[in-house]
Amino acid sequence: MENSSVRGVASIHSHIFKTGFCEELFLMTFLVNVYAKCGEMASARKVFDNLPKRNVVTWTSLMTGYIHNSQPEFAIDIFKEMVEVGGYPTNYTLGIILNACSSLFDIEFGKQIHAYIIKYDIEYDASIGNALCSFYSKCRCLDMAIRAFQRIEEKNVISWTAVISACGDNGNSAMGLDMFVQMLAEGVEPNEVTLTSVSSLCCTMQALDAGSQVHSLSIKLGYESDLPVANSIMYLYLKSGCISGAKKLFDGMNTVSLITWNAMIAGHAEMTSHADDSLSAYICGTEALKIFHRMQKSGLKPDLYTFSSVLSICSSLVALEQGEQVHAQTIKTGFLSDMVVGTALLNMYNKCGSINRATKTFLEMSTRTLISWTSMITAFAQNGHSQQALEIFEDMRFVGIRPNKITFVAVLSACSQAGMVDQGLAYYEMMKNEYKIIPVMDHNACMIDMFVRLGRVEEAFDFIKKMDLAPNEFIWSILIAGCKSQGKLELAFYAAEQLLELKPKDPEIYFLLLNMYLSAERWKDVSRVRKMMKDEKVNKVVDWSWISIRNKVYAFKADTKKHHNDEIAKLLVDLLDRAKAIGYKVETNLEMTVHDENEEAIIALEPAHAHHSEKLAVAFGLLNTSNEAQIRVNKSISMCSDCHNFIKFVSILTSRTIIIRDSKKLHKFDTGQCSCKDFGNLV
DNA sequence: CTAGGGTTAG
């Protein structure tokens with residue numbers, strides 16, 4: 001509250017004092033309340049301490065004040081003091097104290113309060129039951145929360161809202177939605193808080209249909225311009241992939257808050273990182289950055305939510321320069337000290353291939369969470385620094401942070417990159433036995449990759465047979481890629497059959513298969529795969545690359561034209577000649593990653609005349625940046641092995657570091673080596 | 001004097 005209000009209260013206070021009314025308990029309790037509402041807990045406390053006598057209401061007012069001013073521990077102290085001097089808590093008091101226990105995660109004390117409630121047989125009371133419900137929800141005991149709700153004799157809107165949110169907060173959105181339907185059936189009218197919770201449930205379920213019904217209902221009930229309602233419905237549209245719906249809502253809002261903008265940016269960020277293909281990710285990401293700039297133009301200052309989302313967008317776009325600008329902003333505004341922002345920054349530098357700055361960010365963090373550590377391990381692993389990844393993993397264990405399954409994905413992939421089978425197996429066992437983590441497909445994929453990289457495809461196959469999980473499309477495609485490079489065609493064809501039975505969703509997998517059957521000249525299989533692609537409506541794969549230079553993003557599409565005389569083409573021809581002179585050999589096997597726009601024909605590219613998109617983007621980068629600048633390119637599909645090899649030579653010829661982030665991996669080319677150690681390419 | 005709600009990282 002503003003200073004003027006505080007001054008007003010103080011003047012009333014002195015007035016009461018002068019007129020001698022300070023003996024009036026009712027007045028003084030009121031004063032405690034008003035001070036608390038102004039955030040002046042010291043004054044509230046002073047009034048309270050000077051009172052000759054107090055009643056439960058006075059005590060409760062002080063506790064409420066502490067809770068509203070985020071000092072729940074003081075509220076509990078006051079409560080204990082009250083009980084010690086013989087005060088009896090009312091149902092209000094008990095509700096307040098349960099609230100304090102929730103925010104402190106003080107499960108023990110909360111349970112003591114619950115015992116007291118049972119002793120006096122007052123679980124049926126709504127204010128008590130509601131508070132118990134949300135206490136157990138915060139303690140992640142959904143069963144107990146529901147039980148508390150059920151025992152309420154006269155369930156009101158708040159009871160229903162509390163139990164619905166409890167379901168959502170504990171990962172059971174579907175049940176929450178059921179509860180909502182039940183609530184409507186019992187004739188309880190939802191209010192704006194209920195609607196916010198319910199649309200947030202629909203959001204996590206990505207239930208667009210249910211969500212738009214909630215939207216209509218909130219219009220009907222007149223809550224559509226309530227800011228939290230509007231924000232959560234807008235976010236729901238975004239998360240369910242309905243950008244137009246979100247945009248319509250956003251444009252129609254009379255008042256927006258920072259949360260509105262943040263939701264808009266976060267929604268786009270989410271779509272950017274989870275997009276099916278890199279092209280839509282690129283479109284979403286650039287749109288999000290535009291929204292971010294518009295927000296700043298409107299005069300609002302970004303906060304930690306804004307910064308984390310924007311940094312995550314910069315990661316997806318491999319937009320280092322923009323990321324650096326945001327970095328500067330986080331320093332200026334002090335938000336860098338937030339660990340979520342710090343971790344997002346670390347991640348941004350990693351995804352832009354700058355492991356040094358990622359490491360620096362990590363080292364400068366004042367506190368590190370499991371996620372920060374895991375990000376750092378992932379960064380080392382992705383940049384080909386396996387040894388450091390494992391060292392920092394051991395450091396993390398040493399400081400007593402318990403790894404989770406995502407940490408182990410990073411650890412195992414570090415082992416697989418470095419070909420450390422023994423250590424990989426040891427960590428796999430450690431994960432299962434010491435940390436009781438049940439392996440998920442990603443862990444298995446790392447293990448299979450580990451054998452495949454060393455050419456031990458039979459062991460990889462044995463591992464697949466021994467897995468508890470049924471192998472998915474990615475497992476088989478790793479095996480196939482390995483078999484291909486080892487010339488173990490029989491196993492490759494077997495794996496291909498397994499793969500086809502799964503009807504994979506990833507279009508690149510079909511190209512892997514096509515490529516394999518084509519080189520084996522198994523035409524029947526070729527047409528079988530093509531027919532399947534048609535039947536399964538596999539999306540067209542478009543080979544796009546883009547590069548961000550001085551805050552502008554330039555996109556390139558694979559070039560199938562045979563004649564072009566522009567600067568880029570000239571540079572590529574020149575590089576090709578010079579590369580050949582120092583040992584580069586054009587790979588002759590068919591490239592099939594380019595799908596012609598209108599046709600399903602597959603075009604074989606001849607590198608001398610036409611180019612995959614990343615070559616164009618790299619050439620453009622070479623022409624438009626200073627001599628020592630890194631080149632950072634984002635690509636919509638996996639690199640082919642010919643381009644991969646060619647770019648290695650380019651890194652020698654130009655003495656540049658070239659970073660290409662394709663749909664599967666990060667490739668950092670430096671003096672003829674790639675950080676993926678040549679196992680990153682699928683086609 | 002009281003209970004319930006919207007946006008961030010691996």
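A, B, ... follow the sequence lines: proteins, then strands. Residue 1 opens every chain. Since the model is a prediction, treat every value here as computed from it, not as a measurement. Side chains included, hydrogens not; waters and symmetry mates left out as well; all remaining heavy atoms used.
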Closest nucleotide among [options] to the [X] side chain:
X: A/Asn156; options: B/dT7, B/dG5, B/dA3; result: B/dA3
X: A/Ile259; options: B/dC1, B/dA9, B/dT7; result: B/dT7
X: A/Ile158; options: B/dT2, B/dG5, B/dA3; result: B/dA3
X: A/His68; options: B/dG10, B/dG5, B/dT2; result: B/dT2
X: A/Ser165; options: B/dG5, B/dT2, B/dT7; result: B/dG5
X: A/Val340; options: B/dG10, B/dC1, B/dA9; result: B/dA9
X: A/Lys351; options: B/dC1, B/dG10, B/dA3; result: B/dG10
X: A/Asp226; options: B/dG5, B/dA9, B/dT7; result: B/dG5
X: A/Val229; options: B/dT7, B/dC1, B/dG5; result: B/dG5
X: A/Ser127; options: B/dG10, B/dG5, B/dA3; result: B/dA3

Using atom [atom1] of [X] as one end and atom [atom2] of [N] as the other, report the distance to the nearest whole Å.
X: A/Met183; N: B/dG5; atom1: CE; atom2: P; answer: 14 Å
X: A/Leu201; N: B/dG4; atom1: CG; atom2: C1'; answer: 13 Å
X: A/Tyr223; N: B/dG5; atom1: OH; atom2: P; answer: 16 Å
X: A/Tyr349; N: B/dG10; atom1: OH; atom2: P; answer: 17 Å
X: A/Asn99; N: B/dC1; atom1: CG; atom2: P; answer: 17 Å
X: A/Asp303; N: B/dA9; atom1: CG; atom2: P; answer: 13 Å
X: A/Met348; N: B/dG10; atom1: CE; atom2: P; answer: 13 Å
X: A/Leu132; N: B/dG4; atom1: CG; atom2: C1'; answer: 14 Å

Quiz item: Has A/Tyr92 got its ring stacked on the base of B/dT2, with centres under 5.5 Å and planes less than 30° apart?
Solution: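 Not stacked: fails the 5.5 Å / 30° test.
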Quiz item: Considering only heavy atoms, which members of residues 358-377 of chain A lie under 4.0 Å from some atom of DNA chain B?
Solution: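 A/Thr369, A/Leu370, A/Ile371, A/Thr374, A/Ser375, in order of number.
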For the [atom1] atom on [X], are there more than 12 heavy atoms of other groups (residues, nucleotides or ligands in this structure) within a distance under 6.0 Å?
X: A/Glu186; atom1: CD; value: yes
X: A/Tyr116; atom1: OH; value: yes
X: A/Asn50; atom1: CG; value: yes
X: A/Ile438; atom1: CD1; value: no

Quiz item: Going by the angle between their ring planes, with limits at 30° and 60°, are A/Phe48 and A/Trp59 parallel, tilted or perpendicular?
Solution: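 Taking A/Trp59 first and then A/Phe48, their aromatic rings stand perpendicular (interplane angle over 60°).
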Self-check item: Mutual orientation of the aromatic rings belonging to A/Phe362 and A/Trp373 [parallel < 30°, tilted 30-60°, perpendicular > 60°]
Solution: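 Ring orientation, 0 to 90° scale: perpendicular.
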Quiz item: Within less than 4.0 Å of OP1 or OP2 of B/dA9, is there a side-chain N or O belonging to A/Asn347?
Solution: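 False: A/Asn347 side-chain N/O out of range (4.0 Å or more) of B/dA9 OP1/OP2.
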Practice problem: Check whether the side chain of A/Ser197 and the base of B/dG5 form a donor-acceptor pair under 3.5 Å. | Solution: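 Under the 3.5 Å cut-off, the side chain and the base do not form any donor-acceptor pair.
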Base, sugar-phosphate alone, or nothing: which one does [X] contact when heavy atoms must sit under 4.0 Å apart?
X: A/Ser134; result: sugar-phosphate
X: A/Ser257; result: base
X: A/Ala266; result: sugar-phosphate
X: A/Asn91; result: nothing
X: A/Leu227; result: base

Self-check item: Pairs flagged by salt bridge (Lys or Arg N to Asp or Glu O under 4.0 Å) wherever residues 265-275 of chain A is involved - sequence neighbours left out
Solution: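 Of all non-adjacent pairs touching residues 265-275 of chain A, those that pass salt bridge (Lys or Arg N to Asp or Glu O under 4.0 Å) are A/Lys239-A/Glu270.
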Self-check item: Ionic contact status for A/Asp251 with A/Lys247, cut-off 4.0 Å
Solution: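 Result for this pair is yes, salt bridge flagged.
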Exercise. Apply the side-chain contact (heavy atoms from CB on, under 4.5 Å) test between A/Thr161 and each candidate in A/Leu195, A/Val198, A/Thr196, A/Thr194; give the one that qualifies.
Key: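 Single pass found, and it is A/Thr194.
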